[in-house]
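What follows is a short report on a single structure.
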Amino acid sequence: MQSLAHHNPAAVAVYFAGVAGIAMFCMDPVILTLSLVGSLLYFAVGGGRGGHWFGLLLFAAMAIAGPVLSHNGVTVLFVLNHNPVTLEAVIYGVASAGMIVAVLYWFRSFTAIMTSDKLLYLFGRLSPRLALVLSMALRFVPLFGRQAKKINAAQRALGLYKDDNLIDTFRGGLRVFSVLITWGLEQGVVTADSMVARGYGAGRRTHFDIFPFGLWDGVLTLTSVALTALTLAGLRQVAFTYYPAITISHIPPLGWVGYAAYALLVLLPTLLQGKEALQWRCLRLKI
Amino acid sequence: MITIPNVRLRRWLQILIPFVCVPALVAVGATVLPEKQYLLVSFGVALLAVLLFITGFEQKRVGARRLVLVAVMTALCIVGRFIPFFKPITALSVIAALYLGPESGFFVGSVAALLSNFYFGQGPWTPFQMLAWGLIGLLAGYLAEPLKRRRWLLLAYGVAAGVAFSFLMDVWTVLWYAGRFEWQYYLSALAAAVPHTVLYAVSNFVFLWFLAKPMGEKLERIKVKYGV
């Protein structure tokens, strides 16, 4: 198996559905810890780009909101404004915050890997017409952005804007938007006519794609499904409750198997990425 | 792979999904699943609803021109989402619904949410945004006649849609955070989101105020000029 970015989008989608789905719908502390560690590791190793401030802030806000808003639980830590702050609510708040941040990071990696061409590949199978509209809309976005800049420059050259006037700027923005709409609609009809002239609607639409579904994609899909199923089976055997008091049931062997399966699942992309980096180093060393 | 070329099958799905699948999912979620997995159920319902309308879109015979106009409106929504603070997605999907039909409104709203999240970040909220914006568009399409005739009604619809969008997304925030619905959480989420709610309502009002008439004229003109 290669790193996730080089696999077939369908296999990657199955993987993320399993890993993020379990993280989203499960409050088991072991699973949440694994998910948080896995998502952060993968994000650091090569999944995504961007800062961590938002994640940190979100975690802090969510963790504080828990005990402030909920007064369930039997272990009172202290009383704040006549409202008891309980240990259970604090732990539940931290767990919820961890879950949300983990899912956020899984999705950030997902967004970085699932580029729009891969999405089109997936949707093209679901509905060819939908894929066509999606690809046209995606193509129009940069086109409109460039055209808006041109219109704005032309209007500026005509001397339509004063300096430092918020209302004027807003009206100018609306005018540019209005011109853009007219241009876009006309352009759209021309595009449509051109499509028809080239035979749109004459037969079944096919798609160009560079994503063959190979043996290793099958292996990745099966591995993801198997590990997800094992985790779910394991989770059925363990019961963890936050309210009214924190209780942990006895964990049978199958429960441990479930945790191990989820650990493997969350570490899979990091391991693949690491393997690829290692291979690359070896190849470079041979030169 | 999952294309549904069979017309009859698709028609069956369109009946089965809203009247059998969604109620069954809710019932199973409320009774069978452990710990009342509202989140899982709501996620499933949102996905099913969006799929339902996408199959409808596939089924309906749509000319190439109308198809491209829908794509243009969707792209305009995405471009408009880059405007700081004021977001015209709701206003534009309402306008698309008024002049191109309810299905187009649903499509523009939901697909704009899906595609613009490639720029603003995908997340588990994506299906809920798709559903919320889609439904706002759909409803506007069904109310097209009165909304087109009376301007104040359209502006009121915009304000109500902004508030409804915020309220709907807060239901989802609470479900995600607490794992179940609690009024305590919901009210505090609503209170925390008041600036956003006001901003949604105001930007819908402003965009509908400025764009509804000129955009309607533009769309009507295109429809007359090219016979869409």
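Residue numbers begin at 1 in each chain, while the letters A, B, ... track the order of the sequences.
Contact of B:Leu187 with chain A is not made at all, since no heavy-atom distance falls under 4.5 Å. Neither the backbone nor the side chain of A:Gln187 comes within contact range of chain B; no heavy atoms are under 4.5 Å apart. Proximity to chain B (any heavy atom under 4.5 Å) is shown, for A:Val141, by both the backbone and the side chain. Using a 4.5 Å cut-off between heavy atoms, A:Thr182 contacts chain B through both its backbone and its side chain. Residue B:Ile78 touches chain A through its side chain alone, counting heavy-atom pairs closer than 4.5 Å.
The residue among A:Val196, A:Thr191, A:Asp193 with the most heavy atom pairs within less than 4.5 Å of chain B is A:Asp193. Of the listed residues A:Gly93, A:Ser178, A:Gly145, the one with more heavy-atom pairs under 4.5 angstrom with chain B than any other is A:Ser178. Heavy-atom pairs under 4.5 Å with chain B were tallied for A:Leu104, A:Ile100, A:Leu134; the largest tally goes to A:Ile100. Between chain A and the residues B:Thr74, B:Val79, B:Leu76, the most heavy-atom pairs under 4.5 angstrom are made by B:Leu76.
Other residues, nucleotides and ligands contribute more than 12 heavy atoms inside 6.0 Å of the NZ atom of B:Lys148.
In this structure, B:Arg221 and B:Glu217 have side chains that are not in contact, with every pair of non-hydrogen atoms separated by 4.5 Å or more.
Ring geometry for A:Phe140 against A:Phe144 counts as parallel: the plane angle stays under 30°, on a 0 to 90° scale with 60° as the upper cut. The aromatic rings of A:Phe16 and A:Tyr42 sit tilted, their planes meeting at an angle between 30° and 60°.
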- Query: Stepwise, does the side-chain hydrogen bond (donor to acceptor under 3.5 Å, both in side chains) test hold for A:Glu186 with B:Tyr226?
  - Reply: CA-CA 9 Å; A:Glu186 292 265 343; B:Tyr226 294 102; 3.0 Å; yes

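Aromatic rings of A:Tyr105 and A:His52 (six-membered ring for Trp) have centroids within the 6.0 Å cut-off, being under it.
Under a cutoff of 6.0 Å and an axis angle of 45°, B:Lys87 and B:Phe207 do not form a cation-pi pair.
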